[in-house]
Amino acid sequence: MANREIDIASVANKGRVTAFIGIIAVIAVLMLVFSSWYTIDQGERGVILRTGAMVGTAEPGLHFKLPWIETVVKIPVTQQVTYWTCQNGSNCQANEHQQMQAYSQDQQPADMRVTISWHVPADAVEHVYSEFGSLGNLESRLIARRAPQDVKTVFGKFTAASVIQNRAQFNTDVQAAIEAGIQGPVQIDSVQVENIDFSDAYENSIEQRMLAEVEVQKLRQNAEREKVQAQITVTQAQAAADARRADAQAQADAVKLQAEAEAEAIQLRGDAEAKAIKARGDALRDNPNLIFLTQAEKWNGQLPTTMLPNASVPMLNLDQRQSATTSAEHE
């Protein structure tokens with residue numbers, strides 16, 4: 001009875017061991033299956049390592065490998081951005097560095113917010129892994145170390161005033177310097193100097209200078225306005241003088257025309273009177289007795305009430321009239 005119980009226990013133990021081995025085998029097979037394939041995304045490239053040695057690269061898609069012998073390191077080839085925007089180095093996030101500090105040509109300190117966009121070319125992933133090991137090491141050892149030096153060099157060629165006035169040229173020069181200075185398996189896409197922060201004292205001096213320039217510009221505008229107003233006044237005075245001159249000329253012309261008209265009228269009246277006098281003279285010459293006739297016509301028939309002795313009757317020549325009558329009678 002005791003031997004039978006021992007056999008049953010032994011069989012049970014063997015069954016449990018077999019089941020455990022089976023489970024281990026299934027797990028091993030599953031691990032073998034799942035570790036024998038891998039995928040590479042479109043924005044990545046894979047570096048294939050065989051027992052630690054680099055043997056090739058993998059393009060996007062589904063791939064197979066030797067389990068436990070080959071490993072694949074994925075390296076992104078999409079655009080990466082490195083920031084120099086942190087004001088306090090202890091609070092900087094990933095890919096973020098403290099703002100760049102530099103001095104201008106006229107020794108003005110400035111803090112600059114800079115961002116650099118870059119990527120690793122797809123055919124340079126082997127170089128990245130063999131020289132840097134990872135994308136993070138490349139960023140810290142190549143870009144983050146070299147870019148601030150290039151920015152400082154370019155910034156030192158500009159004065160504080162000129163870098164503000166020629167911001168586009170400064171950005172262009174910075175990008176050219178960084179592209180030339182960073183030599184390695186990386187492509188610089190763009191460089192942006194987002195902000196240049198000078199010291200408070202310099203910014204106050206700039207503000208005062210700008211206010212002075214605004215005041216000067218205002219004075220110039222006032223002077224120009226007064227100049228224009230003076231020109232307008234001169235033009236108006238000239239126009240008024242021209243108007244008065246034209247009015248005087250018109251009045252002179254009117255007086256002249258009136259004088260000429262009066263002279264012509266006088267001349268016409270003189271000519272008419274002369275003709276009338278000539279006509280009367282011709283009539284008197286042809287009719288001597290016309291004078292006596294005129295006197296008789298104008299006499300009112302009254303004789304003077306007082307007459308001197310031996311005086312003749314005014315306006316009547318009786319002797320001549322009598323002699324004429326006598327002569328007529330004799331005839």
Test item: [X] side-chain N/O and [Y] main-chain N/O as donor-acceptor pair under 3.5 Å:
| X | Y | result |
| --- | --- | --- |
| Q80 | T78 | yes |
| K157 | F170 | no |
| D41 | P60 | no |
| R167 | V193 | yes |

Atom OH of Y83: over 12 foreign heavy atoms under 6.0 Å: no
Compute whether any side-chain donor of one residue and acceptor of the other, for [X] and [Y], lie under 3.5 angstrom apart.
| X | Y | result |
| --- | --- | --- |
| W118 | T82 | yes |
| Q175 | S190 | no |
| E213 | Q217 | no |
| H63 | E70 | no |
| D242 | Q238 | yes |
| Q249 | D253 | yes |

Would you kindly confirm whether [X] and [Y] end up in one hydrophobic cluster when ILVMFWY residues are joined by side chain heavy atoms under 4.5 Å apart?
| X | Y | value |
| --- | --- | --- |
| I40 | V55 | yes |
| V174 | V81 | no |
| Y103 | Y202 | no |
| L219 | V214 | no |

Verdict with reasoning, Q192 to N171, per side chain to side chain donor-acceptor pair (under 3.5 Å): CA-CA 7 Å; Q192 297 294 330; N171 288 345; 5.0 Å; no
Inter- and intrachain pairs under side-chain hydrogen bond (donor to acceptor under 3.5 Å, both in side chains), touching residues 120-136, at least two apart: H127-E131, S134-N137
D150/R146 salt bridge by N-O under 4.0 Å criterion: yes
